[in-house]
2 protein chains.
Amino acid sequence: MWSLADEMEHWLKGLLEEVEDGVIELRRSELAHQFSCAPSQVTYVLTTRFVPERGFRVESRRGAGGYIRIIRLEDCDYRAYLAAQLGSHLSERAALSLTEHLNQTGLLGEEGLRLLELVLSADALGLEEPLAGEIRARLLRLVIANL
Amino acid sequence: MWSLADEMEHWLKGLLEEVEDGVIELRRSELAHQFSCAPSQVTYVLTTRFVPERGFRVESRRGAGGYIRIIRLEDCDYRAYLAAQLGSHLSERAALSLTEHLNQTGLLGEEGLRLLELVLSADALGLEEPLAGEIRARLLRLVIANL
DNA sequence: GGATGACAAAGGTCAAAGATAGTCAAACAG
DNA sequence: CTGTTTGACTATCTTTGACCTTTGTCATCC
């Protein structure tokens with residue numbers, strides 16, 4: 001029931017768990033070969049799963065000797081990112097992605113995750129989008145400050 | 001004398017009885033094929049029979065590796081009763097008192113209690129009172145239905 | 001030895017195709 | 001009339017491939 005992208009995500013996160021500094025380095029082409037897929041599939045996984053919203057950062061370099069480095073954000077980096085994101089407006093997607101990662105880092109339990117998913121969803125507030133986004137941002141800021 | 005929708009509902013509920021965690025996962029197209037019907041028929045069954053008011057929740061994802069997940073909720077009679085008590089408007093006081101009650105009956109854990117207290121508090125939403133009350137009511141109704 | 005340029009070896013971009021699920025209105029059944 | 005069933009169309013997520021850009025290496029030329 002898992003897509004290739006899901007499996008690759010899972011495998012990479014497993015690797016990240018094993019290392020103590022939260023940094024892994026790999027070659028796009030090797031990973032693609034390992035999973036028998038197109039190299040751009042790796043890029044797809046990185047850009048959809050290993051984004052700052054979810055607590056990761058990716059660095060890379062092209063050319064001979066090129067590499068891809070995946071970095072699990074430190075708590076302070078992540079909080080800085082949160083502060084920047086929570087400026088004034090937050091889409092439902094971004095909000096859900098954030099809560100999911102809050103859960104993964106253990107700041108938020110299962111119950112909290114479920115509740116926030118409900119509260120942040122589009123129809124929960126029943127408001128139009130510019131306003132709903134502002135409220136999401138305000139709510140999440142408040143929640144994070146009180147975790 | 002059962003309709004196709006009834007049979008599918010019954011079959012799915014049978015599956016849900018068999019698993020201990022109350023969660024099943026399936027593919028819409030497979031289920032449709034199994035019952036020799038249009039895929040949208042599955043959607044129809046899910047949206048008419050497996051709704052929170054009847055004690056179920058449905059999650060899904062599109063695209064390759066997509067799925068439909070049906071989750072059995074617990075204590076749905078009592079939750080339905082509570083939801084029925086709710087009007088269209090809820091003061092901060094009433095909302096907090098209700099969450100307190102949810103917590104005492106065990107439907108809501110400590111984490112959930114603290115989160116809801118935050119979210120329902122006056123300044124969390126940052127809205128004027130007629131509107132804030134409506135949103136509180138809508139949020140709590142949603143939360144109760146999905147606990 | 002230093003500049004140059006061809007070549008190879010990475011990774012990046014983007015749009016198309018594929019794989020699911022959702023929506024909605026019309027037809028249908030009881 | 002109400003609830004069911006279908007199918008055409010839509011939305012979303014994944015996978016692939018053709019083409020682009022960047023970087024390092026190495027031979028060549030002065």
Side-chain angles (χ1 to χ4, degrees), chain A residues 1-13 15 23-54 56-71 91-97 100-101 117 120-124 129, chain B residues 1-13 15 23-54 56-71:
Chain A
M1 198 71 67
W2 280 18
S3 67
L4 207 176
D6 291 332
E7 284 182 38
M8 194 182 293
E9 173 189 8
H10 191 249
W11 190 78
L12 289 171
K13 285 187 173 167
L15 271 193
V23 179
I24 58 176
E25 233 178 76
L26 43 98
R27 294 183 171 250
R28 191 177 77 146
S29 52
E30 277 182 15
L31 189 56
H33 184 257
Q34 188 176 328
F35 281 86
S36 303
C37 65
S40 51
Q41 177 75 342
V42 176
T43 307
Y44 173 72
V45 171
L46 294 177
T47 56
T48 54
R49 267 87 161 163
F50 292 88
V51 290
E53 282 173 0
R54 301 193 180 198
F56 299 93
R57 194 160 51 90
V58 174
E59 293 174 358
S60 66
R61 215 179 66 186
R62 307 187 186 190
Y67 59 83
I68 287 178
R69 181 153 45 212
I70 306 179
I71 301 156
S91 75
E92 181 179 356
R93 266 191 97 75
L96 291 180
S97 201
E100 188 187 326
H101 184 253
E117 279 174 356
L120 297 170
S121 72
D123 42 296
E129 199 32 61
Chain B
M1 203 54 57
W2 278 13
S3 69
L4 209 179
D6 291 333
E7 283 183 40
M8 193 182 293
E9 173 188 8
H10 190 250
W11 189 79
L12 289 171
K13 287 186 173 167
L15 270 194
V23 179
I24 58 176
E25 239 179 66
L26 43 98
R27 285 174 186 269
R28 190 177 77 146
S29 52
E30 277 181 14
L31 189 56
H33 184 257
Q34 190 175 326
F35 282 85
S36 303
C37 64
S40 52
Q41 177 74 348
V42 175
T43 307
Y44 174 72
V45 171
L46 294 178
T47 55
T48 54
R49 269 90 159 160
F50 292 86
V51 290
E53 296 80 43
R54 299 194 180 204
F56 299 93
R57 197 159 53 87
V58 174
E59 295 173 359
S60 67
R61 214 178 72 182
R62 307 186 190 194
Y67 59 83
I68 288 177
R69 181 154 45 215
I70 307 178
I71 299 152

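Chain letters run A, B, ... following the sequence lines, proteins first, then strands; residues in each count from 1.
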What is the distance, to the nearest angstrom, from the [atom1] atom on [X] to the [atom2] atom on [N]?
X: A/W2; N: C/dT20; atom1: CH2; atom2: P; result: 17 Å
X: B/D6; N: C/dA29; atom1: CG; atom2: C1'; result: 13 Å
X: A/E59; N: C/dG11; atom1: CD; atom2: P; result: 15 Å
X: B/F50; N: C/dG22; atom1: CZ; atom2: P; result: 14 Å
X: A/R93; N: D/dA11; atom1: CZ; atom2: C1'; result: 12 Å
X: B/L4; N: D/dG3; atom1: CG; atom2: C1'; result: 13 Å

Examine [N]: is either OP1 or OP2 under 4.0 Å from a nitrogen or oxygen in the side chain of [X]? Give yes or no.
X: A/T43; N: C/dT13; value: no
X: B/Q41; N: D/dT5; value: yes
X: B/R62; N: C/dG18; value: no
X: B/R61; N: D/dT14; value: yes
X: A/Y44; N: D/dT15; value: no

So, does A/S3 use its side chain to make a donor-acceptor pair with the main chain of A/D6 at under 3.5 Å?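 The answer is yes, because a donor-acceptor pair under 3.5 Å joins these two groups.
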
**Message:** Quick one: does any side-chain atom of A/T48 pair with a main-chain N or O of A/Y44 as donor and acceptor, under 3.5 Å?
**Reply:**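 Confirmed, A/T48 side chain pairs with A/Y44 backbone.
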
Inset, instruction - In sequence, state the C-alpha distance, the side-chain angles, and the governing distance for A/F56 and A/R49, and then conclude on side chain to side chain contact (heavy atoms under 4.5 Å, CB included). - result: CA-CA 8 Å; A/F56 299 93; A/R49 267 87 161 163; over 6 Å; no

Minimum-distance nucleotide (side-chain atoms of A/I68 versus C/dG12, D/dT14, C/dT23) =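 Taking heavy atoms from C-beta onward, the closest nucleotide is C/dG12.
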
Quick one: CG on B/L46 to CD1 on B/I70, what's the gap to the nearest 0.5 Å?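 It comes to 5.0 Å.
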
Where along residues 25-40 of chain B does a heavy atom come under 4.0 Å from DNA chain D, residue by residue in number order?
->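 Listed by number, they are B/C37, B/A38, B/S40.
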
Identify whether any heavy atom of A/R49 sits under 4.0 Å from a base atom; if not, whether one sits that close to sugar-phosphate; answer base, sugar-phosphate or nothing.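 Contact class for A/R49: sugar-phosphate only.
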
So [Y] and [X], do their side chains get closer than 4.5 Å, heavy atoms only?
X: B/W11; Y: B/L31; answer: yes
X: B/E9; Y: B/W2; answer: no
X: A/R54; Y: A/E100; answer: yes

Check: Of B/G63 and B/A5, whose closest DNA chain D nucleotide lies nearer the 5' terminus?
Finding: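 This one resolves to B/A5.
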
